[in-house]
Asker: 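If you scroll down you'll find the structure; I have some questions about it.
In the text below, chain A, chain B and the rest are named by the order of the sequence lines, each starting its count at 1.
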Amino acid sequence: MSVRVRYAPSPTGLQHIGGVRTALFNYFFAKAQGGKFLLRVEDTDRERYSDESLDDLYQTLKWLNIEWDEGPVVGGEYGPYIQSERFDLYQKYAKMLVEKDMAYYCYCTPERLEKVREEQKAKKSSTQGYDRHCSHLTKEEVAEYEKQGIKPVIRLRVPTEGKTTFHDVLMGDITRKNKDISPDPILLKSDGFPTYHLANVVDDHLMGITHIMRAQEWIPSGPLHVILYKAFGWEPPIYCHLPMVMGKDGQKLSKRHGSTSVRDFREKGYLPEALMNYVTLVGWSFDDKSEFFTKEELEKVFDINKIHKAPGVFDYKKLDWFNGQYIRKLSDQELKEKVLPYLVKEGFVDKEITKEQDKILNDLIPCVKPRLKVLSDIVDLSRFLFVEPEIAPKEMFVAKKMDLKSSTEALIKAYAVLKEGLDNNIDFEEIENSISDIANAMEVKVNGVFTPLRVALTSSTVSLPMQDTVNLLGKEECYKRIERAIEMLKGEL
RNA sequence: GUCUCCUUCGUCUAGUGGUUAGGACACCGGGUUUUCAUCCCGGCAACACGAGUUCGACUCUCGUAGGAGAUGCCA
C-alpha cells in the first residue's frame, strides 16, 4: 500500500516551528517512501480563522520549498482540501452516526456546561467533562428544546465500559479505559461545522491517509478517534505521534521563549535551508555524526523509526550556528542578493542599486560573510559605510588599560601615520606596522591604538578588518571622521 | 484532581547486555586574525533514583521521583 500522509494545520495563527516540524516530517516520510504528501486546511474554527493565517501557511511552505502532491490550489481527486468547502459532508456523516444511535443531539447551553465543569472542579470529582445530560432525551423533551429554538450539537456516544487501544509506531500500544475518555465529545457544533475529531477522521479516511503523523499532544484523543473509526466501520490508519518542541524551560514552545513563527525567522534573515536542517534535527537524527542535510538528502534518508519519543528543546543558538554555516556556503553573489533587501529597507542602498553602491557591496560582502549569523546582521555591520554615524561616546575610544588622554594621543599619532601612508600609497601592512610602533613607543598594547582608530571610523568597537574598513570608506572620509573624533576627544580632556 | 506519555553531558543526540559512554551546539582555555568574527586545537560535562533479572546492566522488568501533554461548541 502506497503511503499517503498529510499536514493538516488550522489557519488560526502564523505557522510556527512546531507545526512546520510536523509538516517536514510528514513530507520527508512521504518522499522517502515514494508516497504522497497532502495539504489539508482545517478551517472549522470560524471564530479564530483568519485570511492572513491561510496566506502565511502558503507563504511558509513556499519559502521552505515544500510542495504538496494534493491540496488546495494543486487539487486532486479527493478534494476539496479545505474543510470549510466540505461542510455538507460532515453533516452527512454526523447524522449517519445519529441514525445508528452512536451519536445524539444535545441541547445543553454553553452556560450549563460551564456550570457543570465548575461543580466538578469544586467537588474535585474524578469524573470529568460532559455529564451526558442529553444522552437519552424523550421525544417530548426534544420537541420542547426545538420549540425554544435551541440549535443542538451532535455528540458521540463513548462507551462507559471496556477499553480502547491504538497502535503507535513510536510508542507501541496505547490503551485507555473508555470511562477515562472524554465523555461524549461534540462532533458537530451548533453552527453546523464539525469539530476537529469528526472532520479529521472523516477526511483522513476519505482521503486514504495511511499514516497520521501529528504532535504528541494528540495522544490522549487517539482512542477517541479509534472509536470514531469503528463507529463508521472504518479501519484506523497507522499512528505516529511526534515529540513536541519545547522552550528552554521545558514548556511547550511559545512566544515568551522568543520567535516561534517561521515568518519571524524569515524576516530576521534565517535561510530556509538552515531552518529546515535544524528543525528536522529536533526529534530526529540520522546517525551519530551527520549534521548537515539538504532537502534532497532528507527526502531519501528520512526514517520514521529514528524519530524520538522524548520532547526536544528548541535551541536558538544552535539554529544561529547552522544559519552561519549556511551563509558561509553561499557564493558572494548569492549572499549579495539575499542581503540586499535589508540594505534597501534601511535606506542604505537605493532600490535601483547604483553602480557605485554595487561596487561597494562587492567589496563589502566577502568581509562580512564570516561575520553574519543572520542576514539582518548586515545592517549593523555596514551602517558606518552608508551613513555618517553619531560620534561614539568618549568611553568607547578607551581600550583596556588605557585612559582618555593616552587614547587621544594614540589616535593623533595614528592619524598622522595613516594619512602619511595613504597619501603616499604605502603598503597597508607597513602602515599597520608603523601603527604598532606607536604602541610600542607609548608602551601600550597595540589594541590601545587600534581601538580609538576603529571607533573613530565606525563608531563601533566591533568592525571589519582595519584595511577593509579604510578601503571601503575611502581615505578622505576616514580623515574627516578621525579629525572629528580628535576634536571631540580634545574637548573632553 | 484524573488519565496518558516521556527520562543519556546545560541543549540536540549516538548507543539495543560486556564501550575509556561517541559527536554537535553552548560554555571555558589556546593558536591564527594586530579588534570582532571565521578557521584550527584542547577542556569541561551525562546514563533521574531504588529494587530486581543476569556472570555482567545505560541497555530487560517493576516501582519511585521529576517533567510534559490532555481533560473546550480550539485545533
Asker: Paired with B/rC39 by Watson-Crick or G-U wobble geometry, both distances under 3.5 Å: which nucleotide is it?
Answerer: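 B/rC39 is paired with B/rG31.
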
Asker: Rounded off to whole Å, could you give me the NZ-to-C1' distance for the A/Lys317 and B/rU11 pair?
Answerer: 11 Å

Asker: So, does the side chain of A/Arg328 form a donor-acceptor pair with the base of B/rU38 at under 3.5 Å?
Answerer: no

Asker: Would one find more than 12 heavy atoms of other residues, nucleotides or ligands at under 6.0 Å from atom CD of A/Glu420?
Answerer: no

Asker: Can you say whether a donor on the side chain of A/Lys318 sits under 3.5 Å from an acceptor on the base of B/rA26, or the other way round?
Answerer: no

Asker: Quote, to the nearest angstrom, the P distance that separates B/rG22 from B/rC44.
Answerer: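 B/rG22 and B/rC44 have their P atoms separated by 11 Å.
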
Asker: Roughly how far apart, to the nearest Å, are B/rU53 and B/rU20 at atom C1'?
Answerer: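 My reading of the C1' atoms in B/rU53 and B/rU20 gives 27 Å.
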
Asker: I'd like the C1' distance from B/rA57 over to B/rU16, given in whole Å.
Answerer: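 The answer is 12 Å between these two C1' atoms.
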
Asker: So which one's nearest nucleotide on RNA chain B is more toward 5', A/Lys252 or A/Val462?
Answerer: A/Val462

Asker: For the pair made of CG in A/Leu381 and P in B/rU38, what is the distance, rounded to whole Å?
Answerer: 12 Å

Asker: How many whole angstroms separate atom CG of A/Asn277 from atom P of B/rC25?
Answerer: 13 Å

Asker: A/Asp131 has an atom CG; how far is it from atom C1' of B/rU71, in whole Å?
Answerer: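 Whole-Å distance recorded here is 15 Å.
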
Asker: Does either side chain, that of A/Asp88 or that of A/Tyr90, offer a donor lying less than 3.5 Å from an acceptor on the other one?
Answerer: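 The answer is no; no qualifying pair exists.
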
Asker: Below 3.5 Å, does any donor atom in the side chain of A/Ser436 face an acceptor in the base of B/rU34, or the other way round?
Answerer: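 Such a pair exists between side chain and base.
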
Asker: In this structure, how many angstroms lie between the P atom of B/rC25 and the NZ atom of A/Lys373, rounded?
Answerer: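 The distance from NZ of A/Lys373 to P of B/rC25 comes to 14 Å, rounded to the nearest Å.
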
Asker: Taking only the C1' atom of each, what is the distance from B/rC58 to B/rU8 in whole angstrom?
Answerer: 7 Å

Asker: Using Watson-Crick or G-U wobble geometry with both distances below 3.5 Å, tell me the partner of B/rU61, or none.
Answerer: B/rA51

Asker: Any donor-acceptor pair under 3.5 Å linking the side-chain atoms of A/Ser406 with those of A/Asp403?
Answerer: yes

Asker: Kindly assign one of parallel, tilted or perpendicular to the pair A/Trp218 and A/His197, based on the angle between their ring planes and the thresholds 30° and 60°.
Answerer: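 Ring orientation, 0 to 90° scale: perpendicular.
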
Asker: Which listed nucleotide (B/rC3, B/rU35, B/rA70) is nearest to the side chain of A/Asn447?
Answerer: B/rU35

Asker: Rounded to the nearest 0.5 Å, how far does OG of A/Ser10 lie from OH of A/Tyr49?
Answerer: 10.0 Å

Asker: At a cut-off of 3.5 Å, list every protein nitrogen or oxygen paired with a nitrogen or oxygen from nucleotides 73-75 of chain B, distance to 0.1 Å.
Answerer:
{"residue": "B/rC73", "atom": "O2", "partner": "A/Ser190", "partner atom": "N", "Å": "2.7"}
{"residue": "B/rC73", "atom": "O2", "partner": "A/Ser190", "partner atom": "OG", "Å": "2.8"}
{"residue": "B/rC73", "atom": "N3", "partner": "A/Ser190", "partner atom": "OG", "Å": "3.0"}
{"residue": "B/rC73", "atom": "N4", "partner": "A/Cys108", "partner atom": "O", "Å": "3.2"}
{"residue": "B/rC74", "atom": "OP2", "partner": "A/Lys189", "partner atom": "NZ", "Å": "2.9"}
{"residue": "B/rC74", "atom": "O2'", "partner": "A/Asp45", "partner atom": "OD2", "Å": "2.8"}
{"residue": "B/rC74", "atom": "O2'", "partner": "A/Arg48", "partner atom": "NH2", "Å": "2.8"}
{"residue": "B/rC74", "atom": "O2", "partner": "A/Arg48", "partner atom": "NH2", "Å": "3.3"}
{"residue": "B/rA75", "atom": "OP1", "partner": "A/Thr44", "partner atom": "OG1", "Å": "2.9"}
{"residue": "B/rA75", "atom": "OP1", "partner": "A/Lys189", "partner atom": "NZ", "Å": "2.7"}
{"residue": "B/rA75", "atom": "OP2", "partner": "A/Tyr196", "partner atom": "N", "Å": "3.3"}
{"residue": "B/rA75", "atom": "O3'", "partner": "A/Glu42", "partner atom": "OE1", "Å": "3.3"}

Asker: With a 6.0 Å cut-off on ring centres, are A/Phe166 and A/His241 close enough?
Answerer: yes

Asker: Looking at the base of B/rC3, is there any donor atom on it, or on the side chain of A/Arg176, that sits under 3.5 Å from an acceptor on the other one?
Answerer: no

Asker: Would you kindly give the CG-to-P distance between A/Asp180 and B/rA70, to the nearest whole Å?
Answerer: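 It is 17 Å, rounded to the nearest whole Å.
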
Asker: Working note: A/His211 + A/Asn26, criterion side chain to side chain donor-acceptor pair (under 3.5 Å); need CA distance, chi angles, decisive distance, verdict.
Answerer: CA-CA 9 Å; A/His211 300 255; A/Asn26 274 286; over 6 Å; no

Asker: Reckon A/Asn433 touches a base, only the sugar-phosphate, or nothing at all at heavy-atom distances under 4.0 Å?
Answerer: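 Contact class for A/Asn433: base.
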
Asker: Pick the C1' atom in B/rU54 and in B/rU61, then give their distance to the nearest Å.
Answerer: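 It works out to 12 Å between them.
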
Asker: Reckon A/Ser460 touches a base, only the sugar-phosphate, or nothing at all at heavy-atom distances under 4.0 Å?
Answerer: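 Contact class for A/Ser460: none.
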
Asker: Determine the interatomic distance between P on B/rA46 and the same-named atom on B/rG23; round to the nearest Å.
Answerer: 14 Å

Asker: Using whole Å, report how far CG of A/Asp315 lies from P of B/rC25.
Answerer: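 Rounded to whole Å, this separation is 11 Å.
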
Asker: Looking at A/Arg263 and A/Glu52, is there a salt bridge between them, counting it only when a charged N and a carboxylate O are closer than 4.0 Å?
Answerer: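 Looking at A/Glu52 and A/Arg263, the cut-off is met.
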
Asker: For A/Pro370 and A/Ile431, find the nucleotide of RNA chain B closest to each by heavy atoms; which residue's nucleotide sits nearer the 5' end?
Answerer: A/Ile431

Asker: Do A/Asp43 and A/Ser84 have a side chain donor and acceptor closer than 3.5 Å?
Answerer: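 Side chains of A/Asp43 and A/Ser84: pair found under 3.5 Å.
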
Asker: Have a look at A/Thr461 and say if it touches a base, only the backbone sugar-phosphate, or nothing, with a 4.0 Å heavy-atom cut-off.
Answerer: base

Asker: Between the protein and nucleotides 13-15 of chain B, list every N/O to N/O distance that falls short of 3.5 Å.
Answerer:
{"residue": "B/rU13", "atom": "OP1", "partner": "A/Gly283", "partner atom": "N", "Å": "2.4"}
{"residue": "B/rU13", "atom": "O3'", "partner": "A/Ser285", "partner atom": "OG", "Å": "3.0"}
{"residue": "B/rU13", "atom": "O3'", "partner": "A/His308", "partner atom": "NE2", "Å": "2.9"}
{"residue": "B/rA14", "atom": "OP1", "partner": "A/Ser285", "partner atom": "OG", "Å": "3.1"}
{"residue": "B/rA14", "atom": "OP1", "partner": "A/His308", "partner atom": "NE2", "Å": "3.0"}
{"residue": "B/rA14", "atom": "OP2", "partner": "A/His308", "partner atom": "NE2", "Å": "2.8"}

Asker: Checking base pairs now: Watson-Crick or wobble, both atom distances under 3.5 Å. What partners B/rU71?
Answerer: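 Here B/rU71 is engaged in a pair, and the nucleotide opposite it is B/rG1.
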
Asker: Is there any side chain to side chain donor-acceptor pair (under 3.5 Å) pair reaching into residues 310-324 of chain A, and which pairs are they, with sequence neighbours excluded?
Answerer: A/Tyr270-A/Asp320

Asker: Can you tell me which nucleotide in B/rC6, B/rU35, B/rA24 comes closest to the side chain of A/Ser463?
Answerer: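 Out of B/rC6, B/rU35, B/rA24, the nucleotide with an atom closest to A/Ser463's side chain is B/rU35.
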
Asker: Write down the distance separating the C1' atoms in B/rG52 and B/rG15, rounded off to the nearest Å.
Answerer: 24 Å

Asker: Please say whether the positively charged group of A/Lys394, taken as NZ for Lys or CZ for Arg, lies over the ring of A/Phe397, i.e. under 6.0 angstrom from the six-membered ring centre and within 45 degrees of the axis.
Answerer: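 No, A/Lys394 does not lie over the aromatic ring of A/Phe397.
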
Asker: Say you pick atom P in B/rC27 and the same atom in B/rC73; how far apart are they, in whole Å?
Answerer: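 Straight-line distance between the two P atoms is 47 Å.
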
Asker: Check the distance between B/rU34's P and A/Glu430's CD and give it to me in whole angstrom.
Answerer: 15 Å

Asker: Mind checking A/Leu464 for me? I need base, sugar-phosphate or nothing, with any heavy atom below 4.0 Å counting as a touch.
Answerer: base

Asker: Give none if B/rC9 has no partner; otherwise give the nucleotide forming a Watson-Crick or G-U wobble pair with it, both distances under 3.5 Å.
Answerer: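 WC or wobble partner does not exist here.
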
Asker: With A/Trp284 as reference, evaluate A/Phe302, A/Phe28, A/Phe29 under the ring pair (Phe, Tyr, Trp, His ring centres under 6.0 Å) test and give the passing residue.
Answerer: A/Phe302

